[in-house]
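Working notes, structure below.
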Amino acid sequence: MNGPYVIVGAGQAGLQIAESLRHEKYDGPITLLGAEAHAPYNRPPLSKQWLRERRSISTLYIRGPEAIQRRHIDLQLGCVVNAIDRDAQRVRCADGRSFAYGGLALATGARMRTLALPGAQLQGVHGLRTIDDAEHIIAAFERCAAQAAPVVVIGGGFIGLEVAATARKLGLEVTVLEGLERLMSRVVAPIVSEAAAQLHRSHGVRLEFGVRVTALRGVDGAVRAVHTADGQEYAAGCVIVGVGVDPEDALARAAGLDCDRGIIVDECARTADPLIVAAGDCCARRRSDGSLLRLESVQNAAEQGKSAAAALLGHARSFSAAPWFWSDQFDVKLQMVGLSAGYDQVVTRGDTVKPAFSAFYFRGAKLLAVDSLNRIPDHMVGRKLLDHGLSPSPEQAADLEFDLHRLFAAGC
Ligand code: FAD
């Protein structure tokens with residue numbers, strides 16, 4: 001497909017598509033449309049050091065506005081696309097503008113789930129997806145600090161736990177309410193959940209499991225407490241809701257593109273419309289076995305963005321690197337590589353108490369994934385093993401004396 005190219009969504013994937021088009025020597029018009037007021041920025045620090053240190057917004061930029069302009073990418077901010085006219089090959093924006101395309105890329109990311117509960121709209125109840133959300137949370141933490149009021153985090157997933165750790169580092173009283181029986185249970189083995197729980201408790205975070213939140217109670221419009229089904233009330237100066245995201249696929253759906261919890265794309269980021277590609281959190285990727293894979297990570301947005309740019313230029317570029325992700329909680333760096341779903345055995349390598357260990361997930365003799373807590377070398381070798389399709393035996397993985405790099409020479 002030929003330009004002009006229009007990209008909807010000026011985040012990690014959208015910027016990657018624009019820059020990859022230039023990298024591939026496309027020198028025609030590229031328009032990058034973003035709903036937010038900010039140049040494309042890194043979201044991971046929003047729940048980590050940026051939330052604690054609140055440096056200037058420009059420190060978050062993946063690329064500043066001037067650098068984007070130098071690449072002759074027309075960045076339009078505050079521009080919400082609300083319709084795709086596939087017959088006319090045009091996108092329309094809420095402010096009345098419209099842009100013609102020869103090829104279109106959708107990189108609309110994800111939207112936060114909210115609580116459908118009484119009191120969910122009270123002041124002091126926050127989710128975290130954008131810079132603006134983070135700034136509201138910073139202000140809420142300042143109020144909590146001034147009033148010695150506790151923070152309640154709903155959801156013991158990555159973002160909830162990172163925010164809990166940050167709040168605790170700021171000296172705030174923190175309770176995490178988790179509906180299931182352990183932390184990060186969707187993606188990690190019980191041994192990793194347990195290590196995370198120990199870590200948080202050792203820093204004074206209160207953890208409550210199997211809790212169903214029923215309502216938030218306010219005074220003068222501001223949240224003051226969280227009520228749960230077992231009759232408990234948790235005092236709260238602010239509430240952080242970290243209950244996951246949904247793919248932002250409404251625009252694609254309305255335009256008649258196939259969606260199933262995400263815009264369905266093939267392994268080269270192509271939709272069924274030959275003029276439209278998609279990348280990042282908004283997508284569900286159809287794999288060769290027919291299953292759909294949805295990932296929410298910087299690596300996925302970047303790699304799929306490169307595929308999407310190649311597809312716009314008429315090239316098929318799939319990517320096969322094992323998915324990886326990281327999370328910073330207190331002094332622990334948790335790094336994950338691979339997909340552990342369907343594992344039947346987990347072995348650990350290192351010290352589970354410190355913690356400084358890795359969990360190796362196997363199905364039969366096949367290595368599926370590695371989660372590492374303060375074991376960066378294990379993460380790096382895990383990436384290489386998975387990318388090369390190599391598996392240590394569970395005994396080798398558990399044996400600190402066994403150098404996993406030996407497997408590359410052996411090729412087993
Ligand atoms: P986004 O970066 O969300 O960009 C999508 C953009 O599209 C948004 O700016 C949105 O406003 C815009 N948009 C949507 N609809 C429209 C429209 N109709 N018109 C115009 N613009 C539109 N990943 C990791 O790998 N490691 C981490 O440690 C990590 N930590 C995270 C911490 C936080 C707090 C958050 C929120 C995310 C974190 N992630 C992390 C996830 C990672 O940031 C995302 O996977 C990544 O940003 C996805 O990129 P994207 O381009 O698909 O979506």
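For clarity, every value in this text was computed on a predicted model and none was experimentally measured. Remember, it's 1-based here, ligands and their atoms both numbered in the order they're listed.
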Residues that F319 engages under ring-ring contact (aromatic ring centres under 6.0 Å, His included), provided they are two or more places apart: none
Of the listed options P44, G11, G9, P323, closest to atom 12 (C) of ligand 1 (non-hydrogen atoms): G9
Parallel, tilted or perpendicular, as decided by the 30° and 60° cut-offs, for the rings of H136 and H126: parallel
Proximity winner for atom 8 (C) of ligand 1, if only heavy atoms of R43, Q12, Q16 are counted: R43
D27-H72 side chain donor-acceptor pair, cut-off 3.5 Å: no
Shortest protein heavy-atom distance from atom 21 (N) of ligand 1, along with the residue and atom involved: A35 N, 3.0 Å
Test of proximity, V81 against ligand 1: N or O pairs below 3.5 Å: yes
Residues, nucleotides or ligands: over 12 heavy atoms within 6.0 Å of R54 CZ: yes
A301-ligand 1 polar pair, N/O distance under 3.5 Å: no
From V298, I62, I84 - option closest to atom 25 (O) of ligand 1 by heavy atom: V298
Check: R383/H379 side-chain N/O donor and acceptor closer than 3.5 Å: yes
Atoms of ligand 1, numbered as shown, that sit under 4.0 Å from any heavy atom of E36: 8 (C), 9 (O), 11 (O)
Geometric N/O contact S47 with ligand 1, under 3.5 angstrom: no
Distance filter under 4.0 Å to E296 heavy atoms, resulting ligand 1 atoms: 45 (O)
Minimum-distance protein heavy atom relative to atom 24 (C) of ligand 1: F325 CE1, 3.3 Å
Heavy-atom neighbours of E173 CD exceed 12 at 6.0 Å: no
Atoms in ligand 1 with a heavy atom of V8 nearer than 4.0 Å: 17 (C), 19 (N), 20 (C)
Passing candidate, side-chain contact (heavy atoms from CB on, under 4.5 Å) with Q329, options M184, H203, R168: M184
Exercise: do T175 and E208 side chains pair donor with acceptor under 3.5 Å: no
Min N/O separation A13 to ligand 1 under 3.5 Å: yes
Best match, D328, L334, I159, N300: closest heavy atom to atom 33 (C) of ligand 1: I159
For K48, atoms of ligand 1 separated by under 4.0 Å from a heavy atom: 27 (C), 28 (O), 29 (C), 30 (N)
R111 and R129, any side-chain heavy atoms less than 4.5 Å apart: no
Check: H200 ring centroid to F330 ring centroid under 6.0 Å: yes
Atoms of ligand 1 close to R129 [distance to a heavy atom under 4.0 angstrom, numbered from 1]: 1 (P), 3 (O), 36 (C), 53 (O)
Under 3.5 Å: N/O of W326 near N/O of ligand 1: yes
Min N/O separation A110 to ligand 1 under 3.5 Å: no
Distance under 6.0 Å and angle within 45° of ring axis: R43 vs Y41: yes
Q89 side-chain N/O to A100 backbone N/O, donor-acceptor pair under 3.5 Å: no
Any residue meeting side chain to side chain donor-acceptor pair (under 3.5 Å) with R52, in chain and number order, not counting sequence neighbours: none
For atom 52 (O) of ligand 1, closest protein heavy-atom neighbour: D281 N, 2.8 Å
C79 heavy atom under 4.0 Å from ligand 1: yes
Contacting atoms of ligand 1, where contact means under 4.0 angstrom from a heavy atom of A107: 5 (C), 6 (C), 7 (O)
Side-chain H-bond candidate by donor/acceptor type, D273 with T271, under 3.5 Å: no
Of the listed options T108, D249, I7, L128, closest to atom 36 (C) of ligand 1 (non-hydrogen atoms): L128
Proximal atoms of ligand 1 relative to S297 (non-hydrogen, under 4.0 Å): 23 (N), 25 (O), 45 (O)
Atom 53 (O) of ligand 1: the protein heavy-atom neighbour that sits closest, reported with distance to 0.1 Å: G109 CA, 3.3 Å
Those atoms of ligand 1 less than 4.0 Å from some heavy atom in G280: 52 (O)
